[in-house]
Structures are given as structure tokens and as C-alpha cells.
Amino acid sequence: MSHAPRNRISNAIDSLITHLVPSNPHDDEQTAQERHDACFELVRAIFERPNSPSISADVNHASDLIKRKLIHSNPSQALRFSNLYTRLLSLPVLNQKWAILYLLYQLSDSPDPNEPPPPPRQPAAPHGLTSREPSFRDRELQAQIFREQEENQVEAENYQGPLPAEPSFREPASREPNFRESVAQRAAGRATGRSTATAESKTSIPAPPLVSEEEAVNNVFAPGGLKKLPTERSRRNTNAEEARSQPGAVDGSTKKSTRDVSIKSNLLADSSLEFEPSEMGLLRDLPFTLQGLSSTTLPFTRDTVLKLPPTLPLPIVSLLHTLAEPSLLYRGLANFVKSPAKGLLGQSLRAAINNELRSYLTLVATLEAQIRRALSSLDEAAPRGGIGKAGVTLKRCVVWTREATMGLRLMSLISEESYSKQGGQLISLIHGFSTSHGDPVVAAFAERLLADVTRPFYDILRRWIYDGELSDPHLEFFVREQNPNNEKQNESKAKGQASVWNSKYEVVDAMVPSIMTPDFAQKVFLIGKSLNFIRHSCGDSQWVDAYSKTSSKELKYGDTATLEKWIDDAYKTTMQRLMTLMNTRFRLFDHLQALKNYILLGQGDFIALLMESLAANLDRPAGAQYRHTLTAQLEHAIRGSNAQYDSDEVLRRLDARMLQLSHGDIGWDCFTLEYKIDAPVDVVVTEWGNRQYLKVFNFLWRIKRVEFALASTWRKCMTGARGVLQSNDDTVLQTWKSTRGTLAEMIHFVGQLQYYILFEVIESSWGELQKNIRKEDCTLDDLITAHTKYLTSITHKGLLGARRRQHHDAQKEAASLGRDASEVEDRNSYMVQLSLLLRNMLDYRDSVDGLYSWSVSDFTRRQEVDTVSLLRKHRPNSGDMESSVGPDDPFFGSAGGVGGNNNIRSEFPALQERLKHLGVSFRQRLQILLGDLAYQPDVDMRFLGVSMNFNDVYQPVRRKSGKAGAGGSGVSAGGGEKQQQQQQQQGGSVGSVNVSFSASRA
């Protein structure tokens, strides 16, 4: 054992001996020290002895002792004890039932402090005086006392538990009587008194055995303490001895032995010290102190300072310190209640605290009544005025105010934190004490506060979920109107994504109280926002009013399950009504279908007829286009296609217009279709959505235009191949063969690109959109999200918004250098590449038209030559014929003139070279595009590259990221030339395949 624990144990033993062993005032200091050392060695020997239980933990044995005692003393209570014992055994929370019963058994022998002590016994008559013979009643009373003593002795002998070991304690014989000797003297006195009483008695009753000296000492210093209070015999003998030693009148009569009962308060009163102000004065002023009021003895110098008298002893100061805490807390809370509140929840918090303070004042009033009643019954002659018997002391006041102090402490903490919190934050603060605090008293108190504090919150919540109105003047609810000057709001408006639905209200996450989950708060937000939208945007306020009258309920804190059920019912009803309005009254789904049919070119016959009727007008400059002409052609296309069967609500929103003109534009570049959307459908198809639809339409319109132009040229070439395009020149025939092959490749490319966008992108995204918006639990937010995802998928997979892999690498590099990644320009995005390819194909179409015109001119020239030769053959004088032909003859230049033939022949090499250059450029750009598509993470975009190069006729080229700019064409220029030569060496095999394939599509 270390040195420090030894010191602690020694100090504890010294304190125990000083407290238990009485001191003899007649002993000198050396004798008292020797007695103390002897007791110390005895206790140390007991501690160092092996530990063993002194009492067996047998609950049945303890029960039998009590039952046996009740049968002898009060048989009527024995049956009641049996019932109570059965109930005690059924309680699982009590582990030491035997200890409880044994304690009660030991306490049954202790005196009742409420009974007055019996009068002292008269001493025996002095020598020479005759005493009165004891009466029969006295002898019977003594006999009953001895019988009880025998029963107690028999019970002690029948006890089966282990007995304490004998202590090895020996006293020196040369010193004055110590505690052990005093015990022996008292035992001898009891024996003398008992023998005298027996001799005087007429009945011969055997005396019980005496308690030995060693046994008395062992009982006092047993390991578990004193196991049994002194029996009636020992107490009566002691009292008899004391009565014989006291002087008094002697009446010669023999009375039964009396007992001297001293309760703890009397003992404390005998050893108490007087101080000023007295405890009675402190108790008289205590109710004022607890109310935060100054008194004579306990004045408040400041709001947070209570001055205590300097003459009080430390125990009283300690008690007053404990009682000063509720007094100071009450003063602070009283000032908090009177202070102005920020909002409704702040006012409700002050009202709830004020109610709790009233309950506290009720406790103080009750305590004051008890103090006054106790002070009025004091005995001035008794020690300390008899305050111990009055029942009200400072310590008892501490116990009575302990729970109230905990409540005041909690309210003080909440009031201090409430200055920096409001609304849902304040509710979360109090709810934290209710759910996270380990003390059940604090948790119950916080729950009681929440019931009053949350009333304004639930009133705002009820107005929001049943009326769709936000009544929150102090911004305490977690739903709030958006600030129009917010940067995020302005950015959303700039992008065209703002609408009445998502730009009017917002959820403030910091204000969501902890009594509801984020999903629950989102449901509440959607319910109120939907009702507000139905009332103000859909114009259906009558339904909202009727719904509020039939469904409105009083909401309050506590019943969370019922509240969640009501919220779920309101959520389902509101969402169902809103979706019904959007589908039936405002025909949202019909408008989405119309946008797909007309803007995304899903109505094929309408688009083909419109393009055919507008082709002649759109070939002219953009400035020569007139709105009434475009409108007339649009009406013609509607009446000539299946679009005529659509509803008037849809057709009246369809319009044709010209985009902003720029220098050199023609009608094809500026024409667009427009589908007008108004409220409340514009919350789904926002301004940003309209721009995305317009972007997709312009891209698809350009592809349709190229397809229309290539198909027209292909039909003209296929028709002319049987007539005007026939020639005897092998060079011309080879040029037309390669031209038709390149033209077929272009038609194949356009067909695959158009199929991919219309079917693989738009149709698949449309199917996903329909799957999402046709769900039973679909809300307007879900519909908006699904429609946004639909447009994003179209623009990304449709090569309008997709970025090449090199662009993402460049963005990462710019971000690592600290530059804005959004400023990095992708010069080779798919949109740019496709635009160059489409322009290349249009230029090639123009060159093919030029070659076709040259072929027609050459065919016309050859026909004229054949005609002149035929005429010369049939004329008789051919020489005169030649001489008669002059410059004014119409057949002069064409028939025999060399100049006309040379002019026609001089145009062919230029056309041949231009066609060859455009074909090589087309293949190079297509190979680069296929190389970029091969490394796309999206599977559909990789599939587009596979479908365009299904027979591996092209070699995809992956451009290096360092040469992503204008040098891209130079990376694979050599490869393109080499591949072009290989294709020319292969002859017409590939060309014939592509031509036949394209011819079948035409």
C-alpha cells in the first residue's frame, strides 16, 4: 500500500474514533491519547483481517424475524406484512431486499422520537426506611419485560449468520478506567439492578445471560457497524443505575425501569453554538431572499451579488450559498421576462418562463407559511430556541428548493442563449435539453417549456400547410420569401431558370428546428408552396379556402406521430390537386408532346412539307423574308399533314419567325419555329427551357436542310446519269463516279446523325421523362427536375453541350494554375465540328451542282456538234456549206468554233480539283470526329461513331491535346491523303456500296 492511501485511511480512522468513542472530561491528555491509540490499533487490526460477511444475505430469514416479532407484539399486522413482503419480492429493481428487511428489523427496537420520555425511576430507599411491597400489577409488568428479553435472547441465539471475530485488544492494568472498563462497569451495574429487581419480585423468573465485556466491545467495533440496537433490558438497567445515582424524593414504592430517549436534534441542540444573526432570523428573512428582495440580514448589493453576514459559521455560510443560487437566478430571470422580445417565439419563451416563476413563487409562499408556523411554536428556553423540533431548518429549505433550483438554472441558461437565437434555433436549443440531457428532471422540465414556447411556431405552421400563406413578420419560420437582391437569385434570373415556383420561397436550413427531420421540413415547404401556387398562379383560391375549412386542425407539440400523419395527408391532397390542375386545366402534358412534335421535329410529315414549301423562299437573303409569307407556308404545312388533327390550343401557340439577322445570312440561317408557353406552365418550361428547345431546333433544322439539299442533288444526279450526264470522256466518268461516292458518304453521315439524335437521344429521353412524370406520387418539383434532366440529356447526348475530353483536361490545367475554368474555350467542341462538316457538305453540294451544270453544257455542246455533222452529211455541197457558215450563224461557235469548246473544257479541271479538295476535307474532319467520339464516356455517343463507321472505311484520328487548335487538321493531313488514295485505288466497290445504300434511302 502506498504512503498516500495509508495517510487517508489513518485520517479516516481517527475521524471515526473521534466521532464514535465518547471522551471522558476527567481524563488528562495522556490518558485520552492512550485510549485513542488503543481504539486505533483495534480498528486497524479489524481492517487488515480477511474480509468476511458478518450477516448472511438471507431475505427469508430476515422476513421470519420480522414476522415472528409481529406475531408476539402486534398479530394484526403480521398478515399485512406478509402481503407487503410478497409485493417486495416481485420488484425486480431492488437487489438488496434482505438488507432492507434487516434494517427495518433493527429499527423496530429504536425508540419513537415523538413519544415523550418516561419519568425517571425513583432511587431505592435509603437504609432505615421500609419500602413498599410491589403490587401484583408491578410484578406482572416486570414478568412481561423479562419474557420479552428472553424472546430477544432466543432470537439472537437462533441467528445462523457468521459472528464477528474476536479482536485482539488488551488494555494495560495500570491506568485509569477507559472505554472498555466503563463498558464493564455498566454491565456490572445492569447485573446488580437485575438481581435486585428479581429479589424483590414475588415470582421467580430466571434472568437472561449478561453481555460480556468482550462481546460489548466487539459489537461496537464490528466491521459492519453496530448490528443491533441495545435491548430493552440493557437500556432499562442503565436507566435504573442512573436513576439510583440521581437525588430525588423517595416514596418507598418500586416502579419499572425507565428509558432516556434522545433524538439527534436534541443532541445537536445540546452541542450547538450561538451565532448572530441566529438561524431563526435567517429563516425569517429567507422568503424575501428567495424572491430576490433585500432584507436586514441578507441584502442584495447588486443584481448579481448577495451579501452574507461575516459573523456566521462555515456550515451556515455553505447552506446560504446554496440558497443564494435560486435567489440570484430568480432576479436574473425576472429581468429577462421584463425585457423586450425579438419575435413571437421570444415572447412565448418569456411567457413560459414567467409561468414557471409563478410556480416557484408558489413554492416560496408555501415555504414561508411553514417557516412562520415553525417560528411561532418555538420555545425560547430550549437550546437554539427548539428549532430542531420545529421541523424547519436551513438545511431542510435547501432540500425543498433543490428541484426548483435545477429548473431556474436551466431557464437561466436558455435565457442567456436566446439573445443570439430566434425561431427554429430557439426551439432546437430547448429540444436539445429534452433529448440529450441525462437528467430526467431536466428533460421533463424542457419538455414542459417546449409545449408553451412552440405555440407561435405551430400557428405559423398551420397557416402555411392549410392556407398557403406565410404569416411570419419576425422571420422566425424556416420558410422565407427570397430576397430579390440575392446574388443567387439574380444569377438564376440571368440564366432564365427563375420562375414563380422556385423563386418566391426558400427553405432556411439553419432555422429548421430539431423537432422535425429535413425530409419532414421539405414536405412542409412543398405543401405551403403548392397551396400558394394554386391560389395565386392557378387561380383556384376557392378550392384552397374549402380545403382549409375542412382539413384545418390545431397543431401542438408533443404528439409527433399524429402530426406526421396530418402532414402526410395534407401533402398527398395538395400534390394531387396541383398535378390534376396542371394536367387537365392547363394541359401541361399536351404542351410537352407538342414541343417534341414540332420543335424537336418529331412530326415528320409536317417538317418535310414545311421544308419543301419554304425551300424557295429560304434560299433568298434573310432581309427578303416576310412574316406573312412564313405564316402562310406554316398554315399550308399544318393543313397538309397530320398536324391538322391537333387541338386548337396547341396549334395557336405554334408560330414561325426570323431570328436576329446578320450580314450575309439567308433565310435558312434565320428561320425558326416557336411554341409559346404562358403561365403557369412556364414554371416547367422556363425561359432557359425555351432556349434549349430553340437550340435543338436550329441544330436539327440545319441537319434537315443538309439532308434535303443532298437528297435533291442525289435525285438529280441519279436522274441525269441516264441522260445528260452520259459522256465518252473517261476522266469525266471517273469524276462523276468519285463524286457520287463522296455524296453517298455524306448522305450516310447525315442519315446516321439524324437517326441518332431523333431516336437514340430524343426518343429515349422522352421515354424516361414519361416514366418519371406518370408516377402516382409525382410532384411539381419532380416534374420540373425530370424535364430539366430531359433537356440536359438531349443537349449533351445530341452533341450540343458535350465537351471533348481535351477540353476537360484544359479546364483542369487552368484550375491548377488559378484561372477560371469556365473561361477556357473549346475550339473543337462537337458543335463546332458538326457545323464545319455541315458547311463542308453544303459547299460540296454547290460544287456538285456546278459539275452537273457543266455536264449539261457539255452534253448540249455535243448534241449540237452531232446535229451539225448530221446536217453536213445530208447537204449536197459540203464545201459551199462550210464557206457559207459565218459568225452570225447560231451553229458557228458551237459546231465548228474552237473558242466555245475551249471555254467549256477549261471549267472542268477547276471543278474537279474543288470536288476533290472538299471530299478530302470532309473525310479528314469526319475521322477527327470519329476519334473524339471513340473516347467519350457516354455509351450512346460511342455508338454513334460505330454506326457512322460500321464497315471501318474510315480510320479515326485522335487529336493530341497540345494541338487542339487550328493545327488539328494538319495532324492527320498525310493520313487523310493516304486514305483517299487507298479509296481511289479500291475503285468503285466502296462507292457502289454507299451509292446503292443511299439510293435505296432516297
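Values below: every heavy atom of this structure, side chains too, minus hydrogens, waters and symmetry copies. Keep in mind that this is a model prediction, so the values were computed, not measured.
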All salt bridge (charged side-chain N to carboxylate O under 4.0 Å, His left out) counterparts of [X], not counting sequence neighbours:
| X | answer |
| --- | --- |
| Arg587 | Asp590 |
| Lys596 | Glu763 |
| Asp665 | none |

Show the nearest heavy-atom pair for residues [X] and [Y], with the distance to one decimal.
| X | Y | value |
| --- | --- | --- |
| Asp605 | Ser641 | OD2-CB, 3.5 Å |
| Thr713 | Leu743 | CG2-CD2, 4.2 Å |
| Leu614 | Leu630 | CD2-CD2, 4.0 Å |

Just to verify, what does Gln770 make a side chain to side chain donor-acceptor pair (under 3.5 Å) with, not counting sequence neighbours?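 Counting only residues at least two positions away or on another chain, Gln770 forms a side chain to side chain donor-acceptor pair (under 3.5 Å) with Arg774.
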Not counting sequence neighbours, which residues clear side chain to side chain donor-acceptor pair (under 3.5 Å) with Asn840? List them please.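 So Asn840 forms a side chain to side chain donor-acceptor pair (under 3.5 Å) with Ser921.
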When you measure from the side chain of Ser503 to the backbone of Val500, do you find a donor-acceptor pair of N or O atoms at a distance under 3.5 Å?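 Checked: no pair found.
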Between Asn597 (side chain only) and Gly602 (backbone N and O only), is there a donor and an acceptor less than 3.5 Å apart?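 Between the backbone of Gly602 and the side chain of Asn597 there is no qualifying donor-acceptor contact (under 3.5 Å).
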Walk me through whether Val732 and Asp858 qualify under side-chain contact (heavy atoms from CB on, under 4.5 Å). CA-CA 10 Å; Val732 175; Asp858 182 66; 5.7 Å; no
Between [X] and [Y], is there a side-chain N and carboxylate O pair less than 4.0 Å apart?
| X | Y | answer |
| --- | --- | --- |
| Asp669 | Arg705 | yes |
| Asp938 | Arg942 | no |
| Lys771 | Glu768 | no |

Quick one: ring pair (Phe, Tyr, Trp, His ring centres under 6.0 Å) partners of [X], sequence neighbours excluded?
| X | value |
| --- | --- |
| Tyr755 | Phe759 |
| Tyr645 | none |
| Tyr598 | Phe606 |
| Phe943 | none |

For [X] and [Y], which I'm curious about, is there any donor-acceptor pair between the side chains at under 3.5 Å?
| X | Y | value |
| --- | --- | --- |
| Arg845 | Ser712 | no |
| Trp701 | Thr672 | no |
| Tyr830 | Gln936 | yes |

Can you list the residues that meet the side chain to side chain contact (heavy atoms under 4.5 Å, CB included) rule with Lys716, with sequence neighbours excluded?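 Listed in chain order: Asp849, Tyr852.
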Check whether more than 12 heavy atoms from other residues, nucleotides or ligands sit under 6.0 Å from atom CD of Glu612, and answer yes or no.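 Atom CD in Glu612 is not packed in, count stays at 12 or less.
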Salt bridge (charged side-chain N to carboxylate O under 4.0 Å, His left out) contacts in which one or both residues fall within residues 619-636, not counting sequence neighbours: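 Salt bridge (charged side-chain N to carboxylate O under 4.0 Å, His left out) check on residues 619-636 returns Arg627-Asp655.
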Enumerate the residue pairs fulfilling salt bridge (charged side-chain N to carboxylate O under 4.0 Å, His left out) with a member in residues 673-683, sequence neighbours excluded, ordered by first and then second residue.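 Only Arg653-Asp678, Arg657-Glu674 qualify under salt bridge (charged side-chain N to carboxylate O under 4.0 Å, His left out).
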Any side-chain heavy atom of Pro680 within less than 4.5 Å of one from Met582?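 A side-chain contact under 4.5 Å exists here.
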